[in-house]
J.: 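Would you mind keeping the following structure in view while I ask a few things?
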Amino acid sequence: MTQPAGLLVFGAGRMGRQVAEAAADQDFVVQAMVSRSQPAQAGPAPWYDSFDAVDQPVQLAVDFSLPGGTAQIANWCAQHGVALISGTTGLSEEDDAALRNAASRIPVLWAANFSPGIHLLTQWLEQAARRLTVPAKTQILDLHHVHKQDAPSGTALRLAKALGGTPNIESRREGEHIGEHRVQLALDGESLELIHRVTDRGLFARGALTAGRWLMDQEAGQYTVSDWLDAGSDR
Ligand code: NAD
């Protein structure tokens with residue numbers, strides 16, 4: 001049985017609310033939700049529009065804000081010695097630099113996607129790219145809800161990196177799709193299509209919190225989803 005740890009949720013939108021709701025099941029106590037806009041519904045913890053009001057003990061911060069916000073939470077975590085999980089995508093150079101700087105003082109894990117299924121898909125694509133003996137035409141479709149601000153998605157960019165070369169990425173923003181990625185490899189006379197579809201946004205929140213539990217035990221540094229997930233496997 002793990003000890004409950006103090007959690008700060010940064011960003012109180014679709015994802016921040018999922019994190020706050022999943023926290024208790026993962027032995028976290030949400031001490032505060034910080035975001036520039038008030039959550040649509042009252043959450044399980046007090047909401048603040050600035051870090052100044054946060055005076056409860058916090059061991060982990062989880063960031064699902066928007067570009068520009070990540071630099072703020074990274075600086076705050078570095079100053080306060082708090083481990084940081086960030087899932088915000090479409091980061092600015094300033095955000096990236098703040099995450100790098102923070103990692104010299106605290107453990108930081110940023111990921112475009114906290115789904116174990118996407119991690120598996122990424123590994124398959126890396127393996128396929130290494131093993132393909134014929135040239136493949138590759139295409140990625142990234143399908144998300146209309147509110148999503150960045151395109152292509154951070155996940156589509158990660159999948160493209162795994163494939164190597166320059167896959168064609170098509171981003172569609174329709175309705176309330178939580179997230180779907182389709183990868184097509186057109187080979188010589190045959191084709192492969194791999195589809196990852198999210199049916200529950202809580203998946204990302206549970207992943208971020210589980211990764212956070214692991215991250216709190218690590219030294220200062222920058223970590224990836226592979227560091228976390230592969231730490232729990234034999235390979
Ligand atoms: P959202 O628009 O519903 O919520 C964003 C929240 O962040 C809002 O409460 C907003 O007030 C707050 N915010 C934004 N900038 C801020 C700032 N500078 N200071 C304080 N608060 C700020 O967005 P969402 O759907 O919850 O997604 C958030 C981010 O998470 C997006 O970048 C999205 O792409 C990403 N995301 C990542 C994963 C993953 O697994 N890594 C999964 C889903 C979404």
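One-based numbering, in listed order, for ligands and for the atoms of each.
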J.: Ring centroids only, cut at 6.0 angstrom: are Phe10 and Phe51 within range, meaning strictly under it?
T.: yes

J.: Any side-chain donor-acceptor pair under 3.5 Å between Asp95 and Thr70?
T.: no

J.: Mind jotting down which protein residues get a heavy-atom contact under 4.0 Å with ligand 1? Chain and number order, please.
T.: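 Its neighbours under 4.0 Å (heavy atoms only) are Phe10, Gly11, Ala12, Gly13, Arg14, Met15, Ser35, Arg36, Ser37, Phe64, Ser65, Leu66, Gly69, Gln72, Gly87, Thr88, Thr89, Ala111, Ala112, Asn113, Phe114, Lys148, Asp150, Phe204, given by chain and number.
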
J.: Looking at Phe28, I'd like to know if the NZ or CZ of Arg213 sits under 6.0 Å from its six-membered ring centre while staying within 45 degrees of the ring's axis.
T.: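 Yes, cation above the ring, under 6.0 Å and within 45°.
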
J.: Anything under 30° is parallel, anything over 60° is perpendicular, the rest tilted; go ahead and classify His80 against Trp76.
T.: parallel

J.: How would you list, by chain and number, every residue that makes a ring-ring contact (aromatic ring centres under 6.0 Å, His included) with Trp47, sequence neighbours excluded?
T.: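 With neighbours one apart ignored, the set is empty.
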
J.: Determine whether the aromatic ring centres of His181 and His144 lie less than 6.0 Å apart.
T.: yes

